[in-house]
Each structure stands twice: as structure tokens, then as C-alpha cells.
2 protein chains.
Amino acid sequence: MTQARPLTPPRVPCDLCPLRRREGFRDFTGEELSFVSSFKFGELAADPGATIISEGERHPQLYTVLAGWGFRYKILEDGRRQILNYVLPGDLVGLQGNLMTEMLHSVESLTRMTLCIFERDRLTTLFRHHPSLAYDLTWIASREESMLDEHLLSIGRRTALERAAYLLAFLDHRARVTGAFGEEGPFILPLTQQHVADTLGLSLVHTNKTLRKLSDAGVLRWLDRGSEVLERARLLEIAGWQPTKEGQRPFI
Amino acid sequence: MTQARPLTPPRVPCDLCPLRRREGFRDFTGEELSFVSSFKFGELAADPGATIISEGERHPQLYTVLAGWGFRYKILEDGRRQILNYVLPGDLVGLQGNLMTEMLHSVESLTRMTLCIFERDRLTTLFRHHPSLAYDLTWIASREESMLDEHLLSIGRRTALERAAYLLAFLDHRARVTGAFGEEGPFILPLTQQHVADTLGLSLVHTNKTLRKLSDAGVLRWLDRGSEVLERARLLEIAGWQPTKEGQRPFI
DNA sequence: CGCTTGATTGATGCAAGTCAATTATGGTGG
DNA sequence: CCACCATAATTGACTTGCATCAATCAAGCG
């Protein structure tokens with residue numbers, strides 16, 4: 001378990017932020033932009049498998065993912081792990097759980113990640129002087145909630161096959177709309193089967209057999225440490241799920 | 001499935017709000033109080049089993065629970081139901097899911113409930129002129145997230161017995177700190193076993209057998225449509241969970 | 001007093017867990 | 001360039017937790 005390390009100085013100014021270019025993210029006003037620039041504290045780079053946040057610790061910082069994939073998780077005392085959700089570019093990390101106390105979950109990177117660092121202390125200023133950004137923060141928290149709702153429904157009430165189909169469809173969809181795959185692909189979800197198992201609440205062996213069924217049906221292809229969705233429509237049908245189409249979304 | 005009905009005129013002014021008296025909830029400044037009073041649109045009363053919010057519909061209102069118990073849920077096309085979380089006095093209903101579009105989940109009452117109605121449109125004003133309340137909103141959303149995180153961990157990785165113990169300990173704890181039991185009790189969680197089953201992602205029969213084990217062990221007592229926790233400590237031990245103690249919490 | 005809703009219990013079957021190997025695959029140091 | 005290793009994926013055999021089916025029991029109620 002590597003540690004994440006701060007990137008000094010390579011610091012993209014916010015008006016050149018690569019996320020800002022992407023469709024799907026809303027534009028800032030000049031005023032918002034200049035505040036966010038001052039809010040920005042630095043950048044963080046993380047190798048695959050690095051711990052970004054760990055449960056129980058106090059984190060005076062918040063992060064926005066600029067590039068790469070990661071996931072949030074919790075573990076029980078005996079080591080059973082549950083992956084709660086995945087974080088992709090544009091997502092705010094560290095808002096979940098209490099706003100100012102110890103973190104209630106951990107975050108780990110799946111691929112190489114870069115994150116933008118913000119200081120929690122300055123949230124007060126944000127709320128006081130930038131209502132539109134404050135609104136965005138609430139919006140972002142609310143969106144995370146609706147994803148967790150879906151996951152709960154899935155783990156609680158879907159069969160193993162449906163769950164697996166849902167997860168891959170969900171991630172594939174999120175990656176496409178955020179541009180996490182890059183321009184031209186490859187469109188590969190960077191997970192191991194262990195991650196899938198820990199997300200679905202299944203054992204590794206059973207996850208393997210379930211994914212095999214999906215592969216055999218030609219709906220997806222499983223690669224060394226990742227998977228590629230081949231037939232989006234059938235995956236959605238198996239899952240019994242439809243992504244809700246969002247317009248432009250905010251990010252901080 | 002009854003419908004909830006608006007209460008005309010019985011309208012408690014916010015400065016006399018019964019929640020405000022309870023420990024555990026933070027005080028408002030005079031200014032906050034006067035804004036919230038103007039924000040308040042009316043009250044709603046719901047009999048047990050009434051639908052407060054239904055998935056897919058647009059709700060121009062938000063609600064704060066003043067009294068009573070309810071739950072949020074989602075259902076799959078074939079009727080499988082997953083209860084996502086419970087709502088108790090002081091909780092904000094309708095913030096979860098997207099802020100301004102159709103509701104992504106439903107809410108139903110367990111007991112008789114009264115709710116305070118707010119208009120969503122006026123959120124803009126709240127964000128613009130009342131940063132402290134805006135902060136509270138984000139705090140509330142963030143707290144809901146951390147509960148959902150716990151639930152996910154529970155459903156995904158705990159055994160049936162652990163899950164049941166966790167749920168009852170969780171609800172008992174929340175009811176105590178919010179004063180939902182009333183002053184003197186009785187300290188009874190107003191659930192049927194079907195609700196427990198739909199929360200834990202288990203079948204009704206297996207839920208019954210699991211609860212029986214807890215009853216036989218003397219940890220709780222199951223009544224006609226509800227349960228009473230007898231041995232809090234052992235329940236927590238079985239669940240492998242500890243409630244995080246909160247100080248005063250905000251509410252709108 | 002029959003009806004409905006909720007709780008309970010036993011019998012049986014299957015989905016998913018556990019155990020235990022085996023087979024890629026890629027990286028690394030000699 | 002090639003043994004050697006670590007990580008990931010795969011597979012089969014066996015076990016078990018939980019689901020399903022099918023009754024029965026208890027309590028509140030018009």
C-alpha cells in the first residue's frame with residue numbers, strides 16, 4: 001500500500017483545468033473561477049493502489065479528482081471489505097461522511113490519479129461568499145446519495161448476475177459521460193475481480209463464475225485486470241437498470 | 001396506501017417548534033429563525049402507511065419531519081423492495097436524490113407523522129442569504145451519506161444475524177438521540193418483520209428466524225408490530241458496530 | 001365471528017460460500 | 001534470456017446460509 005504524495009509545484013491553474021474543457025461539466029463564472037483558484041491548495045499524485053484517505057483519520061483537506069480512478073470503502077474488524085462507490089474525474093473526495101470530523105471511510109486509487117487539494121477550513125468562506133458553489137456542493141452530495149441508493153437496491157435485492165451487470169453498466173456509463181476513458185479509449189474498466197466481489201458483496205469465486213456467464217454470453221470481455229463492455233444494451237437489460245441522463249453537472 | 005394530506009391551518013410557528021426544545025438539535029439565531037419561518041409553507045399530516053413521496057414524481061416541496069417515523073425505499077420492476085433508510089424527527093425528506101428533478105425514491109410513513117413543508121424554489125434564496133443554513137444542508141446531506149455507507153457495509157458484508165443486530169441497534173440509537181421515543185418511552189421500534197426483511201435484503205422467513213435467535217438470546221423482545229431492544233451492549237457486540245456520538249446537530 | 005395482517009415453523013432446494021488446486025501473466029534479478 | 005515469484009483468473013468438489021413453499025397460529029377489528 002503506497003502512499004499518495006503531494007505534487008510540488010506542477011500545479012495547473014484552474015482556468016486551464018482539463019476538466020473544464022470536457023462536455024458534461026458546467027462552466028464557471030469569472031468570479032467563481034478566481035475563488036476556486038485561491039481555494040486550491042496544491043495537487044496530489046497517487047500511484048495505483050495508493051491510500052488517499054484512511055478511515056478514522058482527520059483530513060484537513062478535500063480533493064477533486066482530476067484524472068484516474070479510485071474507490072471508497074469500509075472494512076469490518078475481521079477484514080471483510082465493502083466497496084461503497086467509485087470515484088472518477090470531477091468527483092469530490094472527502095465530502096462524504098462528516099464534514100469536519102474524522103473520515104468514516106477510506107479511499108484508494110485503482111489507476112494513477114491526480115487530485116486537486118482544497119482546504120476544508122476555507123469551506124466557510126465558500127459558503128459565505130459563493131452561494132452558487134455552495135449550492136453545487138449540496139448538489140454533489142445529493143448526487144452521491146442517489147448513487148448509494150442505487151447500490152443498496154442492487155446489493156439488497158438483485159441476484160448475483162443482475163448485480164454484476166448493473167455494476168459494469170454503471171461504471172461504463174459513468175466513465176463515458178465523464179470522459180474517464182480518454183478520447184479514443186480503450187474503454188476498459190480498471191478493476192480486478194476482487195474489486196467487483198467487494199462491491200457486490202459476493203465471494204471472489206462466485207464473482208468469477210458470474211462474470212464468466214456474462215463473458216460467455218458475449219456481453220463483456222474480461223482482460224487481465226479489467227473488463228470491457230461489449231453489448232451495452234443487453235447488459236442494461238440483464239441488470240434491469242437505466243442510467244438517468246444528466247445534463248451538465250457542477251464540480252468544484 | 002393512504003395519501004398524506006395538508007394540514008390547514010394548524011401551523012406551529014417555527015420559534016415554538018417542538019424540535020427546537022430537544023437537546024441534540026442546535027439553536028438558531030434570530031435571523032435564521034425568521035427566514036425559516038418565511039420558508040415554511042405549511043404542514044402535512046400522514047397516517048401510518050401513507051405515501052409521502054413517490055419515485056418518478058416531481059416534488060416542488062421539501063419536508064422536515066416534526067414527529068413520527070417513516071422510511072425511504074426503492075422498488076424493482078417486479079416488485080422487489082429495498083428500504084434505504086429510515087426518517088425520524090429532524091430529518092429532511094426530499095433532499096436525497098437530485099435536488100430539482102424527479103424523486104428517485106419513495107417515502108412512506110410507519111407511524112402517524114407530521115411534516116413541515118418547504119418550497120424547493122426558495123432554496124436559491126437560502127443559499128444566497130443564509131450561508132449558515134446552506135452549510136447545514138450540506139452537513140445533513142453528508143450525514144445521510146455516512147448512514148448509507150454503513151448500510152452498504154452491513155448488507156454487503158455482514159451475516160444475517162449481524163445485520164439484524166446492526167439495524168435494530170442503529171434504529172434504537174437514532175430514536176434515542178432524536179427523542180423519537182418520547183420522554184418516557186415505550187422504547188419500541190415501530191416496524192413489522194417485513195420492513196426488517198426489506199431493509200436487510202433477506203426473505204421474510206429468514207428474517208423471522210434470525211430475529212427469533214435474537215429474542216431467544218434475550219437481546220430483544222418482538223411485539224406485535226415492533227421490537228424493543230433489551231440488551232443494548234450485547235446487540236452492539238453481535239453487530240460489531242458502535243454508534244458515533246454526535247454533538248448537537250443542525251436541522252432546517 | 002369471520003377476515004385480514006403479522007408472526008411462526010417445518011420441509012426442501014438452490015444460490016452462494018469455502019476449500020483447494022491449477023493456470024495464466026507480467027515483472028524482476030541473476 | 002530465462003528461472004522465479006507474485007498477482008490475478010479459473011475450475012471442480014463440497015458445504016451451508018438463505019430462499020421458497022406451505023401451513024398454522026395469534027391478534028385486532030368491523
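In the text below, chain A, chain B and the rest are named by the order of the sequence lines, each starting its count at 1.
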- Query: In terms of the nearest nucleotide of DNA chain D, which residue is placed more toward the 5' end: B:R163 or A:L223?
  - Reply: A:L223
Rounded to the nearest Å, what distance is computed from the [atom1] atom of residue [X] to the [atom2] atom of nucleotide [N]?
{"X": "B:W222", "N": "C:dG6", "atom1": "CH2", "atom2": "C1'", "answer": "10 Å"}
{"X": "A:L220", "N": "D:dA9", "atom1": "CG", "atom2": "P", "answer": "13 Å"}
{"X": "B:H206", "N": "D:dC21", "atom1": "NE2", "atom2": "C1'", "answer": "16 Å"}
{"X": "B:L202", "N": "C:dC14", "atom1": "CG", "atom2": "P", "answer": "20 Å"}
{"X": "A:K213", "N": "D:dT10", "atom1": "NZ", "atom2": "P", "answer": "15 Å"}
{"X": "B:R157", "N": "D:dC18", "atom1": "CZ", "atom2": "C1'", "answer": "16 Å"}
{"X": "B:Q194", "N": "D:dA19", "atom1": "CD", "atom2": "P", "answer": "12 Å"}
{"X": "B:D216", "N": "C:dA7", "atom1": "CG", "atom2": "C1'", "answer": "14 Å"}

- Message: Please tell me if A:N208 has a side-chain N or O lying less than 4.0 Å from either OP1 or OP2 of D:dT10.
- Response: yes
- Task: Ignoring backbone atoms, establish whether B:R212 has a side-chain N or O less than 4.0 Å from OP1 or OP2 of C:dT9.
- Result: yes
- Just checking, is any N or O donor in the side chain of B:E150 or B:W241 under 3.5 Å from an acceptor N or O on the other one? yes
- What is the ring orientation for B:Y73 with B:F71, classed by angle as parallel under 30°, tilted 30 to 60°, or perpendicular over 60°? tilted
- Task: State which of C:dT9, D:dA9, C:dA7 makes the closest approach to the side chain of B:V205.
- Result: C:dT9
- Message: Measuring from the side chain of A:K209 (C-beta onward, heavy atoms only), which nucleotide among C:dA7, C:dG10, D:dA13 has the closest atom?
- Response: D:dA13
- Note on the structure: The residue, A:A160 or A:D224, whose nearest nucleotide of DNA chain C is more 5′ is A:A160
- Show your working on salt bridge (charged side-chain N to carboxylate O under 4.0 Å, His left out) between B:D172 and B:R232 and close with a plain yes or no. CA-CA 9 Å; B:D172 184 68; B:R232 215 155 129 55; 3.6 Å; yes
- Should A:R212 and A:D216 count as side-chain neighbours, where that means a heavy-atom distance under 4.5 Å? yes
